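Input: a single structure, listed below in structure tokens.
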Amino acid sequence: MARGQAIFGGVNYASAAAGIRDEIGRQLGGQISTSGQVNNYKNTVSQIVNLLEDETSAAAYLSKCIYSVGLGSNDYLNNYFMPAFTPPAVTLYNYGARKLVLNGVGQIGCCPNELAQNSQDGRTCVERINYANQLFNDRLKSLVDSLNNEFRDARFIYINVYGIFQDLIENPSAYGFRVTNAGCCGIGRNNGQITCLPFPPPCRNRNEYVFWDAFHPTEAANIILGRRSYSAQKPSDAYPIDISRLAQI
């Protein structure tokens, strides 16, 4: 995690396997829970106050930053319905955040792990899981309206990760992809039954794969997600505005 002057170049608090609930992902090894990530942000705020030498300057700086929050996928993969996004978002607000991006959950029912376990042909997405993801996203989008009404000096936006990845899976050739149902690395059916191990080599043409491993998108897929989040390609990509317009506020 960045410290000192490096903080002003941006800070990444993410931890693999973390979820909305603190106990999510503990069985997968060492990780930083969501509350731990928020506490790390609080520590960063304290450092910024020291670097800028007063709280007023720190608050002005923090109000111009953009905060991207993405939670929920691991809760579905390792637990179930836990729609509790509000505490992290409100805590970030209480510690100076004024421009927050809430990322929806993608099509978990289309990831190689779910296809390997629950898809008869290994290609058809698991509808019951995707339906649950859509329920979560609908509530998250409604939460954006509630937060914008409650915190008038801040702006919250929603990124439709589900819809963007649906485009990649349904129209892969339009984005340069060839493989949508298997990981670039992994073991077993769809390369999704066991995730990447240290020694087996990954695929050579990783830019043609939507998924890197049993669960996670490739860099190529994430670049498209990032571009469409920043500058919406379709009206449904972001709500009520995209990140480029959020940055201008």
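Bear in mind the structure is a predicted one, so any value in this text is a computation, not a measurement.
Residue pairs that meet the salt bridge (Lys or Arg N to Asp or Glu O under 4.0 Å) test with at least one member in residues 237-249, sequence neighbours left out, are R228-D237. Among pairs with a residue in residues 168-195, those fulfilling salt bridge (Lys or Arg N to Asp or Glu O under 4.0 Å) read R178-E208, at least two apart in sequence or across chains. Applying the disulfide bond (SG atoms under 2.5 Å apart) test to every pair with at least one member in residues 220-249, sequence neighbours left out, gives no pairs at all. For the ring pair (Phe, Tyr, Trp, His ring centres under 6.0 Å) condition, the pairs that include at least one residue of residues 91-134, sequence neighbours left out, are Y93-F151.
In this structure, Q134 CD and I129 CD1 are separated by 12.5 Å, a value rounded to the nearest 0.5 Å. Rounding to the nearest 0.5 angstrom, the gap separating the CZ atom in R98 from the CZ atom in R155 is 14.0 Å. To the nearest 0.5 angstrom, Y239 atom OH is 12.0 Å from L140 atom CG. Separation of atoms CG (N50) and CD (Q47) is listed at 8.0 Å; rounding is to 0.5 Å. Put simply, CG on N205 and SG on C184 are 7.0 Å apart, with the number rounded to the nearest 0.5 Å. Interatomic distance, L197 CG to D213 CG, rounded to the nearest 0.5 Å: 10.5 Å.
Contact record, A220 with N207: CB-OD1, 3.9 Å, taken as the closest heavy-atom pair. Considering all non-hydrogen atoms of both residues, S231 and S244 come closest at CA-OG, 4.4 Å. Annotation for Y13 and Q37: closest pair O-CG, 3.1 Å, computed over non-hydrogen atoms. Closest of all the heavy-atom pairs between C125 and L115 is CA-CD2, 3.9 Å. Closest non-hydrogen pair, Y41 versus A97, comes out as OH-N, 3.8 Å. In this structure, V126 and E114 approach most closely via the heavy-atom pair CG2-O, 3.8 Å.
Counting heavy atoms from C-beta on, the side chains of P202 and W212 come closer than 4.5 Å. Between T44 and I48, some side-chain heavy-atom pair lies under the 4.5 Å cut-off. With a 4.5 Å cut-off on side-chain heavy atoms, F156 and L143 do not count as touching. Within the 4.5 Å cutoff, the side chain of Q193 has no heavy atoms near those of the N113 side chain. Looking at heavy atoms from C-beta onward, S68 lies in side-chain contact with N103 at the 4.5 angstrom threshold. Residues L51 and Q5 meet the side-chain proximity criterion, which asks for heavy atoms closer than 4.5 Å.
A continuous path of ILVMFWY side-chain contacts below 4.5 Å connects Y67 to I7, so both sit in one hydrophobic cluster. In the hydrophobic clustering of this structure, V38 does not group with V11; members are Ile, Leu, Val, Met, Phe, Trp, Tyr whose side-chain heavy atoms approach within less than 4.5 Å, directly or through other members. V144 and Y162 are assigned to two separate hydrophobic clusters, defined by single-linkage of ILVMFWY side chains at heavy-atom distances under 4.5 Å.
Hydrophobic cluster membership of F199, counting Ile, Leu, Val, Met, Phe, Trp and Tyr whose side-chain heavy atoms lie under 4.5 Å apart directly or via other members: none, as it forms a cluster of its own. Apart from Y175 itself, the hydrophobic cluster it occupies contains I66, V101, I157, I159, V161, I164, F165, L168, F177, V210, F211, I224, L225, Y230, I241, I243, L246, I249, where clustering links Ile, Leu, Val, Met, Phe, Trp and Tyr at side-chain heavy-atom distances under 4.5 Å. Think of I169 as one node in a network of Ile, Leu, Val, Met, Phe, Trp and Tyr side chains linked at under 4.5 Å; it has no links at all.
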Taking only distance into account, with no hydrogens and no angle test, what donor-acceptor pairs under 3.5 Å do side-chain atoms of residues 52-63 form with protein atoms, sequence neighbours excluded?
unit_1: D54; atom_1: OD1; unit_2: T56; atom_2: N; d: 3.1
unit_1: D54; atom_1: OD1; unit_2: S57; atom_2: N; d: 2.7
unit_1: D54; atom_1: OD1; unit_2: S57; atom_2: OG; d: 3.1
unit_1: D54; atom_1: OD2; unit_2: S57; atom_2: OG; d: 3.0
unit_1: S63; atom_1: OG; unit_2: A60; atom_2: O; d: 2.8

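Without hydrogens or angle criteria, N133 side chain to Q107 main chain gives no donor-acceptor distance under 3.5 Å. Side chain of N130 to backbone of G109: a donor-acceptor contact under 3.5 angstrom is found. Between the N137 side chain and the V105 main chain, a donor and an acceptor come within less than 3.5 Å of each other.
Here the two cysteines C203 and C185 have their SG atoms 2.5 angstrom or farther apart.
Under the side chain to side chain contact (heavy atoms under 4.5 Å, CB included) criterion, Q120 pairs with no residue at all, not counting sequence neighbours. Under the rule for a side chain to side chain contact (heavy atoms under 4.5 Å, CB included), the partners of S236 that lie at least two apart in sequence or sit in another chain are N160, K234. Shown here are the side chain to side chain contact (heavy atoms under 4.5 Å, CB included) partners of D121, two or more places apart in sequence or in another chain: S119, R123, T124. Qualifying side chain to side chain contact (heavy atoms under 4.5 Å, CB included) partners for V179, counting only residues two or more places apart in sequence or in other chains: N181, A182, Y209.
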- Query: Under the side chain to side chain contact (heavy atoms under 4.5 Å, CB included) criterion, do I187 and T195 qualify, and how do the steps go?
  - Reply: CA-CA 6 Å; I187 295 174; T195 196; over 6 Å; no
